[in-house]
Amino acid sequence: MLVTTKEMFEKAYNGKYAIGAFNVNNMEIIQGITEAASELKSPVILQVSKGAREYANHTYLVKLVEAAVKLYPDIPIALHLDHGDSFELCKSCIDGGFTSVMIDKSSASFEENVEVTKKVVEYAHAHGVVVEAELGTLAGIEDEVKVEEGKQSYTDPNMVEEFVTKTKCDSLAIAIGTSHGAYKFKPGTKPQLRFDILEEVSKRIPGFPIVLHGASSVPQEFVKMVNEYGGNMPDAIGVPEDQLRHAAELSVCKINIDSDIRLAMTGNIRKYFAEHPDHFDPRQYLKPARAAVKAMVAHKIKDVLGSDNKI
Ligand code: G3H
Ligand code: 13P
Ligand code: ZN
């Protein structure tokens, strides 16, 4: 059975660790993530964006996730909608078997954010589904919404209590300096998350699970691999893993990772193509890509999130 994130977050908050929320788009990604989670006895969140749903089809993704649940009945797996942008999209995922949805109205006014989030929460809770909301905006691309660098806004701790009380959401994504994608910080600058904001938020809503988006660390081994084998990703920089570890020890219960999966697969597929120009069977190059996703996720679980041996 798929589970919600309720119990996962309670345990993570009290145990000072975080649950990895990994974006899934196809079978190999789901396999890599769940094989790692199963071997390490870690709860895991598989999340689907609007774009992933358009790419792979809702039913395919739900059925692939159900296959993972069947293969690994011992580990708690939640199926989550990432960056839902409307009540209708959230409703469709709630009706279609998801156990958690995000409604992201962070780019709208506070009032509109409250109004839409509240509506999603009422529908979700009536159907046993939990809701993540967002206050503050991250730079980078969230599906169709592109927030220009410099236009992002950190979460205002003064707003969180009112927001959470009014909407009754179950977790809250906040903006403390992370951003989506592989170019999170300017080269030559020191990446630094705003832990002062995180701590201030937690003081206002003690015990409430916080979510960190844009939390890929952009491992330089994959960037190097991409660039060495014909790619062009200069100055790709992510969030330092020690800062993610620190966030997990505080009130952050969910850490979102997508770009690192993309890099692991792309780096390894580029390498494979370069080394085997005569191969043309997709299984041949998807195999090392899947293995790289598994190894990367295992590293995150053990060394960054701390969610291993928690079931
Ligand atoms: O937050 C964005 C995630 O990385 C999903 O990206 O909308 O391209 O699937 P996507
Ligand atoms: P990254 O681009 O840092 O992997 O962030 C993913 C994310 O926040 C998905 O919602
Ligand atoms: Zn995100």
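Everything numeric here is computed off the predicted structure, so don't read it as measured data. Numbering of ligands and ligand atoms starts at 1, following listing order.
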Query - Distance-only N or O hit between ligand 1 and N25, under 3.5 Å - result: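 No, there is no polar N/O contact under 3.5 Å.
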Query raised in the report: Less than 3.5 Å between some nitrogen or oxygen of S49 and one of ligand 1, yes or no?
Result: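 There is such a contact, yes.
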Query raised in the report: Among pairs that include at least one residue of residues 264-311, which meet ring pair (Phe, Tyr, Trp, His ring centres under 6.0 Å), considering only residues two or more places apart or in two chains?
Result: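 Qualifying pairs, neighbours excluded: Y272-H276, Y272-H279, F273-Y285, H276-H279.
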Query - Summary of ring pair (Phe, Tyr, Trp, His ring centres under 6.0 Å) pairs that have at least one residue in residues 215-242, sequence neighbours excluded - result: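 Residue pairs passing ring pair (Phe, Tyr, Trp, His ring centres under 6.0 Å), neighbours aside: none found.
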Query raised in the report: Rounded to 10 degrees, what angle sits at the Zn ion (ligand 3) between H83 NE2 and H180 NE2?
Result: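 Taking the Zn ion (ligand 3) as the apex, I get 100° for this pair.
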Requested in this report: Any chance you could lay out the side chain to side chain donor-acceptor pair (under 3.5 Å) test for T137 and S153, step after step, and finish with the verdict?
Outcome: CA-CA 5 Å; T137 47; S153 59; 3.2 Å; yes
Report task. State, yes or no, whether a side-chain contact exists between K224 and E221 at a heavy-atom distance under 4.5 Å. Result ->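 Of all side-chain heavy-atom pairs linking E221 with K224, none is under 4.5 Å.
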Query - Contact check, side chains of Y60 and M27, non-hydrogen atoms, under 4.5 Å - result: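 They are not in side-chain contact.
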**Report entry** Name of whichever N/O/S atom of H213 is nearest to the Zn ion (ligand 3)
**Finding:**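 Considering only N, O and S atoms, H213 comes nearest to the Zn ion (ligand 3) through ND1.
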For [X], atoms of ligand 1 separated by under 4.0 Å from a heavy atom:
| X | value |
| --- | --- |
| N23 | 3 (C), 5 (C) |
| D258 | 3 (C), 4 (O), 5 (C), 6 (O) |
| H83 | 1 (O) |
| D82 | 1 (O), 3 (C) |

Query raised in the report: Sequence neighbours excluded, which residues qualify as side-chain hydrogen bond (donor to acceptor under 3.5 Å, both in side chains) partners of S92?
Result: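 S92 satisfies side-chain hydrogen bond (donor to acceptor under 3.5 Å, both in side chains) with R53 only.
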**Report entry** Sub-4.0 Å heavy-atom approach of R262 to ligand 1
**Finding:**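 It does; at least one heavy atom falls under 4.0 Å.
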Quick one: pull up [atom1] in [X] and [atom2] in [Y] and give me the separation to the nearest 0.5 Å.
| X | Y | atom1 | atom2 | answer |
| --- | --- | --- | --- | --- |
| M102 | S49 | CE | OG | 12.0 Å |
| H127 | C93 | NE2 | SG | 13.5 Å |
| N25 | I30 | CG | CD1 | 8.5 Å |

Go ahead and list the nitrogen or oxygen contacts between ligand 2 and the protein that come in under 3.5 Å, distances to 0.1 Å, or just say none.
{"unit_1": "ligand 2", "atom_1": "2 (O)", "unit_2": "G181", "atom_2": "N", "d": "2.8"}
{"unit_1": "ligand 2", "atom_1": "2 (O)", "unit_2": "S259", "atom_2": "OG", "d": "2.7"}
{"unit_1": "ligand 2", "atom_1": "3 (O)", "unit_2": "K184", "atom_2": "NZ", "d": "2.5"}
{"unit_1": "ligand 2", "atom_1": "3 (O)", "unit_2": "A215", "atom_2": "N", "d": "3.2"}
{"unit_1": "ligand 2", "atom_1": "3 (O)", "unit_2": "S216", "atom_2": "N", "d": "3.0"}
{"unit_1": "ligand 2", "atom_1": "4 (O)", "unit_2": "S216", "atom_2": "OG", "d": "2.6"}
{"unit_1": "ligand 2", "atom_1": "4 (O)", "unit_2": "D258", "atom_2": "N", "d": "2.7"}
{"unit_1": "ligand 2", "atom_1": "4 (O)", "unit_2": "S259", "atom_2": "N", "d": "2.7"}
{"unit_1": "ligand 2", "atom_1": "5 (O)", "unit_2": "G214", "atom_2": "N", "d": "3.3"}
{"unit_1": "ligand 2", "atom_1": "8 (O)", "unit_2": "H180", "atom_2": "NE2", "d": "3.0"}
{"unit_1": "ligand 2", "atom_1": "8 (O)", "unit_2": "H213", "atom_2": "ND1", "d": "3.4"}
{"unit_1": "ligand 2", "atom_1": "8 (O)", "unit_2": "G214", "atom_2": "N", "d": "2.8"}
{"unit_1": "ligand 2", "atom_1": "10 (O)", "unit_2": "D82", "atom_2": "OD1", "d": "2.9"}
{"unit_1": "ligand 2", "atom_1": "10 (O)", "unit_2": "D82", "atom_2": "OD2", "d": "2.7"}
{"unit_1": "ligand 2", "atom_1": "10 (O)", "unit_2": "H83", "atom_2": "NE2", "d": "3.2"}
{"unit_1": "ligand 2", "atom_1": "10 (O)", "unit_2": "H213", "atom_2": "ND1", "d": "3.1"}
{"unit_1": "ligand 2", "atom_1": "10 (O)", "unit_2": "N256", "atom_2": "ND2", "d": "3.2"}

Query raised in the report: Going by atom types alone, do R290 and N268 pair a side-chain donor with an acceptor below 3.5 Å?
Result: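 Result is no, nothing qualifies.
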